Structure formats: structure tokens, C-alpha cells
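One structure is given below, encoded as C-alpha cells.
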Amino acid sequence: EADIYQTPRYLVIGTGKKITLECSQTMGHDKMYWYQQDPGMELHLIHYSYGVNSTEKGDLSSESTVSRIRTEHFPLTLESARPSHTSQYLCASSQNGYTFGSGTRLTVV
Amino acid sequence: QKEVEQNSGPLSVPEGAIASLNCTYSDRGSQSFFWYRQYSGKSPELIMFIYSNGDKEDGRFTAQLNKASQYVSLLIRDSQPSDSATYLCAVKNQAGTALIFGKGTTLSVSS
């Protein structure tokens with residue numbers, strides 16, 4: 001049973017559009033993360049948060065931004081989508097090990 | 001040198017055999033180690049974590065950690081076709097901020 005939810009599951013969008021990928025968890029975890037994963041490649045950390053009003057950039061440079069206004073909600077925003085943003089975006093929260101959401105597969109055309 | 005290295009495979013084993021998956025890491029200060037399974041098109045799911053040197057067993061799975069050699073492994077006993085997936089090794093960085101993932105090893109179990 002998933003306690004961390006991502007929407008949309010799939011998104012195809014045109015270049016230049018603003019998009020927000022949603023991530024919510026019901027476990028009360030303070031720590032949340034966004035990873036990016038291309039097919040056959042490793043997960044790369046792009047953002048993380050240790051609690052409300054705390055956000056940090058990860059190891060992989062990303063043009064996206066995040067916010068953490070509520071503990072349970074950690075949305076990721078791309079102001080102007082480009083084809084290079086095409087990827088799978090995975091949200092996770094943690095106590096010890098991470099629990100991942102089902103991911104958003106983004107295609108920018 | 002990548003921070004977490006895994007042989008990408010594929011590793012092919014017959015049903016009922018033992019599958020051995022290996023991982024090395026570069027940060028000697030790492031303290032926590034995780035194995036995830038990822039089916040094609042799905043998100044990773046946690047199998048096991050290990051913090052101390054030695055073996056940790058959970059059902060058909062055994063994680064082994066050797067901090068001196070910076071080496072982590074996962075053994076899967078009595079492999080089943082449903083075990084066919086990509087197995088990701090992950091290491092919590094020394095700062096403790098996040099998990100660093102390897103590229104994963106693809107396991108194929110034939111019936």
C-alpha cells in the first residue's frame with residue numbers, strides 16, 4: 001500500500017510550458033527527496049528537504065525548483081520545460097530507508 | 001571513480017540457484033547501506049539495509065557488508081523468476097544528507 005503519492009503518472013507537454021509535479025506522503029516523514037532517473041541509468045538526487053521551509057539542491061544540477069510549505073507536500077516545478085527535461089522523476093520520503101512514489105514520466109516535445 | 005559501482009549485468013541464473021550481487025563504494029565514511037529492487041517501469045522498493053560489518057539475513061535475502069574493503073553484497077537464495085529485476089545498491093553519504101545510488105545490476109532468473 002503506497003503511502004507516498006505522485007501525480008501525474010505520465011505527462012507529455014510542449015516546450016516552454018510551466019509544469020508542477022506533485023508529491024505527497026502520509027507517513028509524517030520530515031525528510032523528502034526528488035530523484036531523476038533516465039532509462040538504464042542511476043538515480044540522481046536533484047532536491048531534498050529536511051522539513052517545512054527547508055530545501056536544498058542535490059548533486060545533479062537541475063533547472064527545477066521545489067517548495068516545502070507543509071510536511072506532507074513537496075512539489076517540483078519547471079518554469080519552462082525543454083526536451084532535455086524528458087526523464088522519470090521519483091519522489092521519496094524517509095525514516096531510515098527511502099519509500100518511493102510511483103514516479104512521473106515526463107516527456108517534453 | 002563513481003561513488004557507488006555495480007556490474008550492470010545482466011546476471012543470469014537458473015531457478016533455484018543463488019544469485020550474488022556486488023557493490024563497491026568510494027566514501028570510506030559511509031555508514032548505511034541499502035539494497036533496492038526495481039522492476040522495469042516501476043519505482044525502487046527497499047529490500048534490506050545493513051549498518052554493521054557481517055551478514056544480515058531476511059528470508060531468502062542476505063546482505064553482506066565489509067567496510068574495510070568498501071564492499072556490499074546481496075545474496076538471493078532459491079532464486080525465482082519473479083526475482084528478475086534490477087537491483088540497486090545505495091549508500092548514505094558521510095554527511096548523511098541523502099542516498100547515492102549505483103546504476104544497478106539486472107538479474108534474470110530462468111525457469
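Because the structure is a prediction, the values reported are computed rather than measured.
- Proximity of A:Ser94 to B:Leu99: side-chain heavy atoms (C-beta onward) are nowhere separated by under 4.5 Å.
- Residues A:Leu21 and A:Ile13 are members of one and the same hydrophobic cluster, defined by side-chain heavy-atom contacts under 4.5 angstrom among Ile, Leu, Val, Met, Phe, Trp and Tyr.
- Only the side chain of B:Gln38 comes within contact range of chain A, judged by heavy atoms closer than 4.5 Å.
- Proximity to chain A is limited to the side chain of B:Tyr51, based on heavy atoms less than 4.5 angstrom apart.
- Considering CD1 of B:Ile100 and CG of A:Leu45, their distance stands at 6.5 Å, rounded to 0.5 Å.
- Between the side chain of B:Tyr36 and the main chain of A:Tyr98, a donor-acceptor pair closer than 3.5 Å is present.
- Taking non-hydrogen atoms and a 4.5 Å limit, the residue list of residues 46-55 of chain A in contact with chain B, ordered by number, reads A:Tyr48, A:Tyr50.
- With hydrogens and angles disregarded, no donor-acceptor distance shorter than 3.5 Å links the side chain of A:Tyr33 to the backbone of B:Ala98.
- At a 4.5 Å heavy-atom cutoff, the contact between A:Gln37 and chain B is made by side-chain atoms alone.
- For B:Phe49, no part lies near chain A; criterion is any non-hydrogen pair under 4.5 Å.
- Both the backbone and the side chain of A:Leu43 come within contact range of chain B, with heavy atoms under 4.5 Å apart.
- Heavy-atom minimum distance, B:Ser43 versus A:Ser102: OG-CA, 3.8 Å.
- By the 6.0 Å contact criterion, NZ on A:Lys57 is enclosed, its count of non-hydrogen atoms from other residues, nucleotides or ligands being greater than 12.
- Between the OG atom of B:Ser8 and the CD atom of A:Glu42 there is a distance of 11.0 Å, given to the nearest 0.5 Å.
- With hydrophobic clusters built from ILVMFWY side chains whose heavy atoms lie under 4.5 angstrom apart, B:Leu75 does not share a cluster with B:Leu11.
- Closest of all the heavy-atom pairs between A:Gln88 and B:Lys42 is NE2-O, 4.3 Å.
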